[in-house]
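Written out below as structure tokens is the structure these notes cover.
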Amino acid sequence: MRSNSKSTHRSRWRPGLILSALALAGIVRIAAAAAPPVQFFYAPFPEDQLLAGLQAIESGGPDVDPVAPMQTYISLAAIADGTIIYYDHWEDGYEADIDAPTQSTTKIWGDGNSANGFPPGVPSDLINAGTVVVMNNPVPLPRSPTEILFDGRDKIAASKTISMTKTGWASGSNTLLAGSVEMFDTDNWGIDYIVPVGEDIPASTGYEMFEYTGLVILARDDATTINIDADANGVFETSLVLAEGQSHQVNGGVSVGARVTSDKPVQVDLLTGDIASSYESRDTALLPTNLWTGSYYTPVSTTSDGGGIGIPSTAVWLYNPAASAITVAYQYRSGGIVQSSSTSVPAGSYTKVILNNGTGYEWH
Ligand SMILES: [Ca+2]
Ligand SMILES: [Ca+2]
Ligand SMILES: [Ca+2]
Ligand SMILES: [Ca+2]
């Protein structure tokens, strides 16, 4: 075994890897890799899955139901001059090497050569610090892969770090029921996720805001096995295999402490809503558990009330995955004076803290 292991290890020192390492050190310049990607993104919430989630939240009753087509906005912001973006649509399959594309549908943005594509709204084809690119189109459903559109599952690579978001809504309900999530690059994906809120939070505690709780799970690699314990009973009731860029939806039925694990990194997004409530939903990208930490800042509070029933709109939900209760201390300013307080979060459960108006909070 030792001999095999050593052999395997040594075989990894291929000449290409050595050259790449030297190139990074500035010793060797390799013409073919003028702008190698350092970040990779996959747009979450394929439009059919987002529509299914929105329809589960808002259907029936007197309000206008969500229907196709969807409206999709994918945006990116650059922080460095000379950023190169590679945009690879899922519809015709992914490139083997996104920075050496062979498909005419794959666009290279920011290289000053508009013949291979340029960002919407940026005819100069130059992406500099502060450049914002917004990709927007209606997305008919069901999707026909022969129609190339900006949509969920598309793959984006960047030669310098960027930030990205995806925003969408359905026709009918329009922007009354819309969602927007930050897109984490694949370095910030993980193999273990726990959902901090869920449908089992009583209406009296959660204002029914989690009456619908669902997930979309998107894979980076072919042959990614995912396991899902949506009802948080400690047993994975669903196990399936996803290909690169494929997305699986858990369309409701997610409880506090629900878990998603995988053998390769995945992206998990959360969609929640108050069912048939004249349009109330929330969504967010979940962080994998290895990126959880013991200190957070909350920048936002508000005076507005929740639906005119006197409930402050801004609340923090604290989740404790441990087998015993934990105490969370927090500080905030009131009238310019720093105040300290604390709350207890039960084992495997949650606590809600409502934020006072005009305050920022630090949690630890
Ligand atoms: Ca596309
Ligand atoms: Ca493609
Ligand atoms: Ca170009
Ligand atoms: Ca289960």
Side-chain angles (χ1 to χ4, degrees), residues 37 40-51 68-76 85-109 116-117 119-120 133-158 164-168 183 192-195 198-200 213-222 225-240 243-262 267-268 321 348:
F40 300 88
F41 301 84
Y42 292 81
F45 281 115
E47 281 66 16
D48 56 341
Q49 295 181 358
L50 179 57
L51 177 60
M70 303 295 284
Q71 284 288 345
T72 292
Y73 286 76
I74 299 170
S75 74
L76 67 87
I85 304 292
Y86 305 91
Y87 196 104
D88 182 1
H89 289 275
W90 68 270
E91 291 92 325
D92 54 358
Y94 297 111
E95 301 278 359
D97 293 307
I98 196 169
D99 56 333
T102 61
Q103 300 169 331
S104 62
T105 53
T106 301
K107 302 303 181 187
I108 301 178
W109 296 344
N116 61 15
V133 179
V134 180
M135 298 142 256
N136 158 236
N137 48 219
V139 178
L141 293 173
R143 287 287 283 118
S144 167
T146 60
E147 189 176 13
I148 305 292
L149 298 169
F150 296 118
D151 63 346
R153 305 184 62 188
D154 285 346
K155 181 177 182 178
I156 301 98
M164 296 199 70
T165 62
K166 182 170 188 278
T167 301
M183 288 168 55
D192 182 29
Y193 290 84
I194 298 177
V195 184
E199 296 180 3
D200 51 336
T213 302
L215 304 171
V216 289
I217 304 159
L218 192 145
R220 184 194 70 178
D221 299 294
D222 288 336
T225 299
I226 62 170
N227 302 293
I228 304 166
D229 175 16
D231 58 5
N233 70 347
V235 178
F236 293 109
E237 68 277 355
T238 302
S239 180
L240 51 88
E244 180 185 9
Q246 195 175 5
S247 180
H248 174 75
Q249 181 173 33
V250 182
N251 195 12
V254 173
S255 296
V256 174
R259 191 160 199 173
V260 177
T261 66
S262 56
Q267 169 175 241
V268 180

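When a ligand or atom number is given, it counts from 1 through the structure's own listing order.
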If you apply the rule salt bridge (Lys or Arg N to Asp or Glu O under 4.0 Å), what do you find for K155 with E244, and how did you get there? CA-CA 10 Å; K155 181 177 182 178; E244 180 185 9; 3.1 Å; yes
Stepwise, does the salt bridge (Lys or Arg N to Asp or Glu O under 4.0 Å) test hold for D48 with R143? CA-CA 8 Å; D48 56 341; R143 287 287 283 118; over 6 Å; no
Short N/O/S contact of W90 with the Ca ion (ligand 1) (below 3.0 Å): no
Under 3.5 Å, is there a donor on one side chain and an acceptor on the other for [X] and [Y]?
X    : Y    : value
T105 : D92  : yes
E199 : T213 : no
D231 : S255 : no
W109 : N116 : no

If I take the Ca ion (ligand 1) as the centre, what angle separates the OD1 atom of D154 from the OE1 atom of E91? Nearest 10 degrees is fine. 90°
ang(OD1 N233, the Ca ion (ligand 4), O V235) rounded to 10° is 90°
The Ca ion (ligand 1) is nearest to which N, O or S atom of H89? ND1
Shortest-distance N, O or S atom of D151 relative to the Ca ion (ligand 1): OD1
If you stand at the Ca ion (ligand 2) and look out to OD1 of D88 and OD1 of D92, what angle do those two lines make, to 10°? 170°
Should the ring pair F150 and H89 be called parallel, tilted or perpendicular, given that the plane angle runs from 0 to 90° and is split at 30 and 60? tilted
3.0 Å cut-off met by an N, O or S atom of A258 to the Ca ion (ligand 4): no
Is there an N/O/S atom in Q103 at a distance below 3.0 Å from the Ca ion (ligand 2)? yes
Name of the [X] N, O or S atom nearest the Ca ion (ligand 4)?
X    : value
E237 : OE1
D231 : OD1
D229 : OD1

Might you point out which heavy atoms bring E237 and A230 nearest each other, and give the distance in Å? OE2-N, 2.6 Å
